[in-house]
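Notes follow once the structure below has been shown.
We're numbering straight along the sequence, starting at 1. Everything quoted here is computed from the prediction, not taken from an experiment.
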Amino acid sequence: MIRIVADQNIVAVDSFFKDIGELVKVPGRTISNTDLRDADVLLVRSITRVDRALLTGTAVRFVGTATSGTDHVDLDYLVQEGIEFADAKGTNANAVVEYCLTAFAYLRSYYDGPTMGCQVGVIGAGAVGSRLLRKLRALGFETLAFDPLLTPVDRQDLESIGVRFGDLAAVLASSVVSLHVPLTTQGPHPTFHMLADKELDQLIPNAILINTSRGEVIDSVALKRLLASRPDVLSVIDVWDGEPKVEASLVEKVDLATPHIAGYSFEAKLAATLRLARALSEHYELEEGGGLRGELAPNRESISGKPIKCSTDLDSLLLEVFPLRQISDEFKRNVDHAVEENLFDLARARQVDRHEFSHYQIAVQDVSPPLRDEIETIGFVVTAPD
């Protein structure tokens with residue numbers, strides 16, 4: 001029988017894997033070499049470092065991560081040892097995009113934030129960045145992207161909808177700068193500390209900086225210095241250098257600070273688990289394992305008890321569905337206690353029931369066609385009132 005060791009917090013892990021083999025669930029931060037001695041399969045999230053130290057001497061022949069990022073996995077070691085690997089790249093892309101759109105709503109509501117028509121610069125046009133660019137174009141934003149690794153075909157596809165491309169300096173001159181790159185230290189375009197003092201100094205007055213990629217993509221010392229000297233710059237930071245231990249003084253300076261939850265949605269996590277189940281089934285030449293139980297299928301619910309009558313209500317709707325301000329306030333209140341590693345994880349775990357916009361049916365009355373188009377473009381399901 002296949003023995004599977006899995007992070008206990010992978011969504012629906014029982015439903016998908018219990019029928020494939022013997023399933024052993026372990027807290028992700030404590031998975032050890034001893035836990036894997038007799039394991040054939042290891043399933044992790046981003047909090048588990050997968051490398052020689054963890055796997056040497058074990059029987060593991062398949063590693064899967066229920067995440068888009070893979071910087072926590074020593075891929076070269078897996079190749080060297082002939083261990084098959086699967087990730088969940090792209091499954092959380094829509095969740096991250098919706099986080100960014102809600103952050104825009106937050107900034108519009110409480111600051112002089114981005115308005116329709118302003119230029120948004122996107123660094124990284126992969127699974128997440130390209131989806132964000134498409135959504136922004138549909139909403140009427142000017143967009144400028146920087147991604148030296150993008151294929152000509154993918155670039156042409158984005159250019160066909162009006163996305164422009166420029167160098168890093170040009171993108172940094174945008175009203176909004178949003179980061180969507182993997183964390184890399186090698187190759188011609190490493191992203192580790194790609195934004196340091198020199199780059200951050202290029203942000204224009206009243207710029208907005210958003211990072212939902214990896215904390216180490218921005219030099220945290222330089223970021224702290226920037227926020228101390230440039231109160232005009234607004235910041236939305238979801239990822240942090242040194243997670244789960246974060247620097248309280250930096251968190252306090254950020255306008256919207258959240259504990260690595262941009263890609264956290266029920267739908268994204270479910271899709272990631274399904275991706276791993278399919279990859280594992282292919283590896284062992286099994287029939288597709290698991291399968292959704294009926295109670296796991298997302299049910300739509302209506303959250304609109306009030307008609308939406310003007311564009312400002314769109315922002316209120318986004319913040320009702322995804323209350324980023326409250327999440328940020330709570331994170332800031334508790335960050336002084338983040339020396340306890342599980343605080344960061346607990347803050348993330350509280351978001352496990354977050355649903356994406358498509359989960360909700362919004363009954364819209366007395367709304368202009370342009371506003372209805374915006375609501376549907378953002379991803380909500382719009383229904384006629386009863």
*Trace of the side-chain contact (heavy atoms from CB on, under 4.5 Å) decision for Leu54 with Leu36*: CA-CA 8 Å; Leu54 183 65; Leu36 303 175; 3.7 Å; yes

*Give me the ring orientation class for Phe331 and Phe344: parallel if the planes are under 30° apart, tilted from 30 to 60°, perpendicular past 60°.*
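Correct class here is perpendicular.
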
*Phe357 and Phe380 aromatic ring geometry - parallel, tilted or perpendicular at 30°/60° bounds*: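 Parallel, since the angle between the ring planes stays under 30°.
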
*Name the one of Asp7, Asp35, Asp14 that satisfies salt bridge (charged side-chain N to carboxylate O under 4.0 Å, His left out) with Lys25?*
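By the salt bridge (charged side-chain N to carboxylate O under 4.0 Å, His left out) criterion, Lys25 pairs with just one of Asp7, Asp35, Asp14: Asp14.
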
Do [X] and [Y] come within less than 4.5 Å of each other through their side chains, counting heavy atoms only?
X	Y	value
Ser328	Lys332	yes
His72	Thr65	yes
Leu179	Thr191	no
Ser265	Glu267	yes
Ser281	Ile20	yes
Asp197	Arg225	yes
Val41	Tyr284	yes
Thr102	Leu319	yes

Name of the residue among [options] meeting side chain to side chain contact (heavy atoms under 4.5 Å, CB included) with [X]:
X	options	value
Arg134	Leu139, Val163, Asp157	Asp157
Leu172	Leu203, Leu200, Ile204, Leu209	Leu203
Ile123	Ile210, Val181, Asp147	Val181

Strictly below 4.0 Å, N to O, side chains only: are [X] and [Y] in salt-bridge contact?
X	Y	result
Asp71	Arg214	yes
Lys89	Asp87	no
Asp315	Arg108	yes
Glu159	Arg155	yes

*Quick one: do the Arg164 and Gln119 side chains pair a donor with an acceptor below 3.5 Å?*
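Judged by distance alone, the side chains do pair up.
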
_Between Ser249 and Lys224, do the side chains contain a donor N or O and an acceptor N or O under 3.5 Å apart?_
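Per modelled atom types, Lys224 and Ser249 side chains form a pair under 3.5 Å.
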
*Before giving the answer on side-chain hydrogen bond (donor to acceptor under 3.5 Å, both in side chains), spell out for Ser178 and His180 the whole-Å C-alpha distance, their side-chain angles and the decisive distance to 0.1 Å.*
CA-CA 7 Å; Ser178 192; His180 301 284; 2.7 Å; yes

Within the distance-only criterion (no hydrogens, no angle test), does the side chain of [X] pair as donor or acceptor with the backbone N or O of [Y] below 3.5 angstrom?
X	Y	result
Asp74	Val50	no
Glu243	Trp240	yes
Asn334	Glu330	yes
Arg348	His260	yes
Glu199	Ala196	yes
Gln202	Lys198	yes

Linked, directly or transitively: [X] and [Y] (ILVMFWY side chains, under 4.5 Å):
X	Y	result
Val221	Val246	no
Val239	Leu223	no
Leu78	Leu280	no
Ile47	Val13	no
Val11	Leu42	no

Once you round to the nearest 0.5 Å, how far does [atom1] of [X] lie from [atom2] of [Y]?
X	Y	atom1	atom2	value
Thr143	Arg137	OG1	CZ	5.0 Å
Ser174	Leu144	OG	CG	5.0 Å
Ser235	Arg230	OG	CZ	12.0 Å
Leu43	Leu23	CG	CG	8.0 Å
Ile10	Gln8	CD1	CD	10.0 Å
Lys253	Ile237	NZ	CD1	13.5 Å

_Derivation and outcome, side-chain hydrogen bond (donor to acceptor under 3.5 Å, both in side chains), residues Ser68 and Asn92_ = CA-CA 7 Å; Ser68 292; Asn92 69 345; 2.7 Å; yes

*Is it the case that more than 12 heavy atoms not belonging to Gln326 sit under 6.0 Å from its CD atom?*
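For Gln326, atom CD is crowded (more than 12 foreign heavy atoms under 6.0 Å).
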
*Is the CD atom of Gln186 crowded by more than 12 outside heavy atoms at less than 6.0 Å?*
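Counting neighbours around CD of Gln186, 12 or fewer heavy atoms of other residues, nucleotides or ligands fall under 6.0 Å, so no.
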
Which atom of [X] lies closest to which atom of [Y], heavy atoms considered:
X	Y	result
Ala12	Thr273	O-CG2, 4.1 Å
Pro244	Arg29	CB-NH2, 3.4 Å
Leu250	Ser220	CD2-CB, 4.1 Å

*Given Asn94 and Glu98, is the side-chain hydrogen bond (donor to acceptor under 3.5 Å, both in side chains) satisfied, shown in steps?*
CA-CA 6 Å; Asn94 194 62; Glu98 292 185 357; 3.0 Å; yes

*From CA spacing to verdict: side-chain contact (heavy atoms from CB on, under 4.5 Å), Ile218, His193*: CA-CA 5 Å; Ile218 301 179; His193 285 186; over 6 Å; no

*Apply the test side-chain contact (heavy atoms from CB on, under 4.5 Å) to residues Val128 and Tyr99: give CA-CA distance (whole Å), side-chain angles for both, the deciding distance (0.1 Å), then the verdict.*
CA-CA 11 Å; Val128 177; Tyr99 174 100; over 6 Å; no

*Is it the case that Lys269 places NZ or CZ above or below the six-membered ring of Tyr264, under 6.0 angstrom from the centre and within 45 degrees of the axis?*
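Checked: cation-pi criterion met.
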
*So is Arg325 actually on top of Tyr110's ring, under 6.0 Å and inside 45° of the axis?*
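Because its charged atom sits under 6.0 Å from the ring centre and within 45° of the axis, Arg325 does stack over Tyr110.
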
*Assess whether side-chain contact (heavy atoms from CB on, under 4.5 Å) is satisfied between Glu84 and Arg61, documenting all intermediate values.*
CA-CA 6 Å; Glu84 185 164 341; Arg61 306 312 301 164; over 6 Å; no

_Chi angles and distances behind the side-chain hydrogen bond (donor to acceptor under 3.5 Å, both in side chains) call for Asp238, Thr258_ = CA-CA 5 Å; Asp238 180 57; Thr258 52; 2.6 Å; yes

